[in-house]
2 protein chains.
Amino acid sequence: MKKETRKEEIINTSAKLFKEKGYSAVTMRDIAKAMGIKAASLYNHIDSKQDILIAIIIALAEDFTKGMELIKKAKTGSLEKLEQIVVLHVNITSNNTDGMASLNNDWMHLEGQLEYYLKLRVEYEDHFRDIIKEGIKKNEIRDGNPEIMMFSILSTLRSLYLWIPKKEDVGAAELALGLSKVLINGINK
Amino acid sequence: MKKETRKEEIINTSAKLFKEKGYSAVTMRDIAKAMGIKAASLYNHIDSKQDILIAIIIALAEDFTKGMELIKKAKTGSLEKLEQIVVLHVNITSNNTDGMASLNNDWMHLEGQLEYYLKLRVEYEDHFRDIIKEGIKKNEIRDGNPEIMMFSILSTLRSLYLWIPKKEDVGAAELALGLSKVLINGINK
DNA sequence: GTTATTAACTAACAAGTGTTAGTTTTAAAT
DNA sequence: ATTTAAAACTAACACTTGTTAGTTAATAAC
């Protein structure tokens, strides 16, 4: 655990505020006040408000891309791959619930990097869908609408940032296991 | 279909813009421009920007509350009740995808009615959880963490507003059916 | 055809926005 | 002790924000 730089402090403080009110509703003065300094002082460490948002979102998006690369490569079955995706989301989200709020809700306020972000997201979803389709073909996954399946699972995983902070008692491993069970086997007896 | 009043036009236009950029990033001038009038003219029909948000969110929240009342009363099994909840979400969301974006993402910007909104939401979730717990007790639902089950299903249903506009070819009934299957039975073969 | 009523307009306000310039303090290096 | 660099400060800028006041145009009622 190396101690975070002032810049990282700004980014983390901003992410926390962005989670509460959204990027547009948070002012540079809000961020400064939360750190006990003046707004102008922030500019000794960052170039603009926009740069803070980019730092938060792009780092996370690339984490997901890297994780998906590994899962794609693995020579495991479709259901194991889906379980690994669940673990990926639980892990990344556990480490940065605040940032995940921006990734989910404030990506449209990206200015220079919007196209890059969208590219990463589309690729991620394409790989996700491929895993499901492959599973259906190999008879490991029930025959159904793969679009609905992906939407359902991904919606749940994308909402984890809201849920994890409220359930601190549930460990990451336990949560991933419980989620995998529900997402893969449903709730029907 | 009675023709919508000017006030309703403002609310619907606003909801559409709020969905794209969020409440805070949309200005009264944006709303006016989208309607081909000047910002000041909006105030002949509404009292404040805040009132627009309240109109969008509270109406939807009360629709959900009413729907849940009916489902709660019904003398059906737990799984049927869950299916009815899916239908409720699909129907309300299909009729107002734009408004659902505000309900999900901009509720924290409610000023006078925030507590009321939160009360409705907590009650809704309480009833939802009760249905799952009842189902487990009656052996209709797999024995597992009811909190995770509710979170998973509700996350999916709350994301419908993102998904329905992209899949216009899938009808409401068909979607509700496919979703129920996936949420209740999972994807495992 | 005059009168109300509705809904648009122009102009402006006070407060808040991100950001810059220039200066002072703090702390480390020589 | 002096110099240097990092990080804080004050003050201000140009612009945008929600909203109000006062006025004019369009529509319906009599």
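Per chain, numbering begins at 1; letters A, B, ... match sequence-line order.
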Check for a donor-acceptor pair, side chain of Arg142(B) on one end and backbone N or O of Asn185(A) on the other, with a separation under 3.5 Å. yes
From CE of Met28(A) across to P of dT20(C) the rounded distance in Å is 10 Å
Ala40(A), nearest nucleotide to its side chain (from dT19(D), dC9(D), dG18(C)): dC9(D)
Please examine the side chains of Gln50(B) and Tyr23(B), heavy atoms only from C-beta on, and report whether any two atoms are closer than 4.5 Å. yes
Residue Arg6(B), side-chain atoms from C-beta onward, closest of dT10(C), dG18(C), dA8(C): dA8(C)
Please report, rounded to the nearest Å, how far the P atom of dT17(C) is from the CD1 atom of Ile52(A). 15 Å
How long is the line joining CD1 of Ile46(A) and P of dA7(D), in whole Å? 13 Å
For the pair made of CD1 in Ile37(B) and P in dC9(C), what is the distance, rounded to whole Å? 6 Å
Are any of the side-chain heavy atoms of Ile148(A) and Leu175(B) separated by less than 4.5 Å? yes
So, does the side chain of Asn44(A) form a donor-acceptor pair with the base of dA6(D) at under 3.5 Å? no
Nearest whole angstrom, please: distance from the C1' of dG18(C) to the CG of Asp51(A). 13 Å
Mind telling me whether Phe151(B) and Trp163(A) have parallel, tilted or perpendicular rings, with 30° and 60° as the class edges? parallel
Whole-Å distance, His45(B) NE2 to dT19(D) C1', equals 16 Å
Check the distance between dC9(C)'s C1' and Met35(B)'s CE and give it to me in whole angstrom. 15 Å
Looking at Lys38(A), I'd like to know whether one of its side-chain N or O atoms comes within less than 4.0 Å of OP1 or OP2 on dC9(D). no
Take the protein atom CG of Leu42(A) and the nucleotide atom P of dC9(D), then report the distance between them rounded to whole Å. 9 Å
Show, in sequence, the C-alpha distance, side-chain angles and deciding distance for Asp30(A) and Thr27(A), and conclude whether the side chain to side chain donor-acceptor pair (under 3.5 Å) test is met. CA-CA 5 Å; Asp30(A) 289 336; Thr27(A) 72; 3.3 Å; yes
Is there a donor on the side chain of Arg29(B) or the base of dG18(D) sitting less than 3.5 Å from an acceptor on the other? yes
Under 4.0 Å between a side-chain N or O of Ser41(B) and OP1 or OP2 of dC9(C)? yes
